[in-house]
Every structure is written in C-alpha cells, then in structure tokens.
Number of protein chains: 2
Amino acid sequence: MAVATGLKIGDVAKQTGVAVGALRYYESLGLLSSERGDNGYRYYSPEAVHQVQFIKKAQALGFSLEDVGDVLNVHQRGDVPCGFVRSLLQDKIQQLETQIQQMMAFKADLEQYRDRWAESHPRPQPGDICPLIEAVPLTV
Amino acid sequence: MAVATGLKIGDVAKQTGVAVGALRYYESLGLLSSERGDNGYRYYSPEAVHQVQFIKKAQALGFSLEDVGDVLNVHQRGDVPCGFVRSLLQDKIQQLETQIQQMMAFKADLEQYRDRWAESHPRPQPGDICPLIEAVPLTV
DNA sequence: CTAGACTCTGTAGCAAACTAGAGGGTTTAG
DNA sequence: CTAAACCCTCTAGTTTGCTACAGAGTCTAG
C-alpha cells in the first residue's frame, strides 16, 4: 500500500487559521482538492496552504466563494476556452477597481461628515447626545 | 383624522430599487422609520429615500446592517456620549482605509497573474484549456 | 496496548439578509 | 361600485458560509 504523504487536514487548518470544517466545506464546493490515503484521510500538498490563503484573501475583499471558484476552478468543469477565463479575470479586476473607487468616495463622505460634525460640536459635553440621523445627508 | 401624507412604501421601493419586504426588514432593525396613517400604512418622508440609498451604499461596501445601524441609529438607544459616536465613525473610516489598501494589493496580484498568464499563452487556440489552479501562487 | 488526539461521514443548526405566501384590510382607476 | 393594485401582519423558507455534534474508525505517545 502506498504510504500517504503530505499535510493532514489539521495541519492545513493550523497553518492557515481556517477551521477543519471550513476546509472540508471548500472541498465540497470544489475549491480545494486533496489526495485520499488508504485510511480515508485527506492529504494536502504544501500549495494547498497558499490556495486556502488566496481564498481567504479574496473572501475578505467581498468575493463570494462562488466567485473564487469561478477564478480557481473553471478548468475542472471541462473544456473551457481561455478567452472565457481571461474575461472572467478582467471582470474581477474591473469589479475591484469600481469598488475601490466607491470606497474612497464613501470614506471621503464619512470623513467630511466627521469633520463637519466636529465643527458644530467643538467641545462635546459629558452626557451630550448625538443627533446622528439628521446629519447624514450623504448623497449617492 | 389627520390626512396621511408622504411616500408609501411602494414609492420608496420604486425610487430606491429596494424591495418592499427589505424596507420593512430595515424598519424591524431600526434602520428606517415611518409614520403610520390611520389606515395602518407606513408613510415616509423624502429623506427616507436618501437614507435607504445610504444604507445600500454602505452595504455594498461590506458593512453589515448592524454596522450601518451603529452609525445611523445610536442616538435612538438613549443618552450616548458623543465620544462613542466619534470613535465609531473613526473606526469605520479606518476600516475602509485598510480595505482599500488590501483591495489595491489584491488587484495588483490579479493583474500580475493576468499578464503573466497572457505571456505564456500569447495566442490562445480555440479549444485551449486553462490550467488555472496551478498558476495561482499568489502570496498573501 | 491503551488513552487521547485526530480523522471520517453524515445531519443539524446558526446568523444575516432577505423573499414568498397566507389571510385579510384599503385605495384607486375606470 | 367594483376589480385591480396596494398595504398590513405573521410565519416560513432560501442562500451563504460556516460550526457543532453523533457515531465510528485511525493514529500515536508513553
């Protein structure tokens, strides 16, 4: 019987900070693959760690696991032409660009609001109440 | 009996593109308020439209409705000192700043990957398969 | 060799943010 | 005046991304 090698699921979990259950969930979505040992255990290559980190990173930036799967996993679904993948990548990049723009604008809004509000409340008194809702005429 | 005036829930829904059910849900979370007519209908001021747009905007940028509630709704919960609100706002701004940084880095990663991959596939043939997973050694 | 740690496959449950539908009243256009 | 279009409340279901068992096998340190 072939000796199973590689990282066990708990190792990957420790190295990535992602729960064992989550890793199995990723696999069920086809985002992560592993070899099975004779004992039925999953064994991972070291690259799996990077892949999990990639997933977490994309996720932290608002991509759904389905999105991540689009990017990572396309070629498993069959003979997909490269043009498709290219435009998909381009889409995600464009999406990020748009979001970055919006975030900067929104941040500017919040800053403006913070400063405007600081002016009208130069020295907040203890027990002072903040009329917040009325002061949020931020345009979209 | 006072004549009810203002926008009905369907009007707000139309003007914001947000479903009627979602608006009622926002109200249940205390993110949106309305007057009730003698008929029991909700009536909204025109500012409600802006508020809903604000909610959608914040939400699109990754804030939870609870976060939005923190920002919008604090003063309804009682006598909350201004310092709290200030630091809350400052937190959100800082959060945005961090996310913007991460997004730009991630975008750069994706672009680099796109270009690197374009090099190795200068003229994709029809039917060409994309070995995507192997090619994602993006570092975190 | 055995206790404890680790793994497996289920199934179930949770939180967020809604959507859908039942059952029933209200408004409004023609 | 009436039918269609709205609105109400309340309950239940959906999706996403997990976590938490239960019940059972595997591995490992002493």
Side-chain angles (χ1 to χ4, degrees), chain A residues 1-45 48 51-73 95, chain B residues 1-45 48 51-73 95:
Chain A
M1 62 272 295
V3 176
T5 59
L7 302 163
K8 284 191 289 186
I9 198 167
D11 300 328
V12 177
K14 258 166 229 153
Q15 285 187 41
T16 59
V18 170
V20 166
L23 294 175
R24 287 197 275 246
Y25 179 61
Y26 294 163
E27 185 174 309
S28 79
L29 298 182
L31 270 65
L32 194 59
S33 56
S34 54
E35 300 284 315
R36 290 306 182 107
D38 293 341
N39 49 13
Y41 284 21
R42 291 168 179 85
Y43 288 94
Y44 297 88
S45 67
Q51 187 142 337
V52 172
Q53 286 168 337
F54 177 82
I55 293 169
K56 280 282 128 188
K57 194 168 159 183
Q59 210 182 17
L61 298 179
F63 289 108
S64 67
L65 292 185
E66 199 184 348
D67 278 340
V68 178
D70 284 350
V71 173
L72 282 182
N73 225 12
Q95 230 178 81
Chain B
M1 63 271 302
V3 175
T5 59
L7 302 164
K8 284 190 289 186
I9 198 166
D11 300 328
V12 177
K14 258 166 228 152
Q15 286 186 40
T16 59
V18 170
V20 167
L23 294 174
R24 286 196 276 245
Y25 179 60
Y26 294 162
E27 185 173 309
S28 79
L29 299 182
L31 270 65
L32 194 58
S33 57
S34 55
E35 299 285 314
R36 292 305 183 107
D38 294 342
N39 50 13
Y41 284 22
R42 290 168 179 85
Y43 288 93
Y44 296 88
S45 67
Q51 187 142 340
V52 172
Q53 285 167 337
F54 176 83
I55 293 169
K56 280 281 127 189
K57 192 169 161 183
Q59 212 181 17
L61 298 179
F63 290 108
S64 67
L65 292 184
E66 199 184 349
D67 278 341
V68 178
D70 283 350
V71 173
L72 280 181
N73 225 13
Q95 231 176 81

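Letters go in sequence order (proteins before strands), and every chain restarts at 1. No hydrogens, no waters, no symmetry mates; every other heavy atom, side chains included, goes into these values.
- Using a 4.0 Å cut-off, some side-chain N or O of B:Lys56 falls inside it from OP1 or OP2 of C:dC18.
- The closest side-chain heavy-atom distance from B:Ile9 to B:Tyr41 is not below 4.5 Å.
- When heavy atoms are screened at a 4.0 angstrom cut-off, B:Arg24 is found touching base atoms of the nucleic acid.
- Regarding B:Tyr44, its OH atom lies at a distance of 11 Å from the C1' atom of D:dC7, rounded to whole Å.
- A close approach under 4.0 Å does not occur between any side-chain nitrogen or oxygen of A:Asn39 and OP1 or OP2 of C:dT7.
- Across D:dT19, D:dG17, C:dA16, the shortest atom-to-atom separation from the side chain of B:Glu66 is found for C:dA16.
- Atom P of nucleotide C:dT9 and atom CG of A:Leu23 are separated by 13 Å, given to the nearest angstrom.
- For D:dC27, the base has no donor-acceptor partner in the side chain of A:Tyr41 [N/O atoms by modelled type, under 3.5 angstrom].
- Taking a 6.0 Å sphere around CD of A:Gln59, one finds it holds more than 12 heavy atoms contributed by other residues, nucleotides or ligands.
- Listed for the A:Gln51 side chain is a donor-acceptor partner under 3.5 Å among the backbone atoms of A:Leu31.
- Taking only side-chain nitrogens and oxygens, A:Arg42 comes nearer than 4.0 Å to OP1 or OP2 of C:dC8.
- Between A:Tyr43 and C:dT7 there is no side-chain polar atom (N or O) within less than 4.0 angstrom of OP1 or OP2.
- The phosphate of D:dC8 (OP1 or OP2) has no side-chain N or O of B:Lys8 nearer than 4.0 angstrom.
- Candidate nucleotides D:dC8, D:dC18, C:dC18 were compared by shortest atom distance to the side chain of A:Gln59, and D:dC18 ranks first.
- The nearest whole Å value for the distance from the CG atom in A:Leu32 to the C1' atom in D:dC18 is 15 Å.
- Looking at B:Glu35, its side chain never comes within 3.5 Å of a backbone N or O of B:Thr5 through a donor-acceptor pair.
- Across the protein-nucleic acid pair, B:Asp38 atom CG and D:dC6 atom C1' stand 17 Å apart, rounded to whole Å.
- Put simply, CG on A:Asp67 is 17 Å from P on D:dT15, counting in whole angstrom units.
- Atom-to-atom, CD1 of B:Ile55 to P of C:dA17 comes out at 11 Å; the value is rounded to the nearest Å.
- Each of A:Val20 and B:Leu65 was assigned the nucleotide of DNA chain C with the nearest heavy atom; the assignment lying further toward the 5' end belongs to A:Val20.
- Atom OH of B:Tyr25 and atom P of D:dC10 are 17 Å apart (whole Å).
- In this entry the distance linking CD of A:Glu27 with C1' of C:dC8 reads 12 Å, nearest Å.
- Put simply, the side chain of A:Lys8 does not reach to within 4.5 Å of the side chain of A:Arg42, judged on heavy atoms.
- OP1 and OP2 of D:dT26 both lie 4.0 Å or more from every side-chain N or O belonging to A:Arg36.
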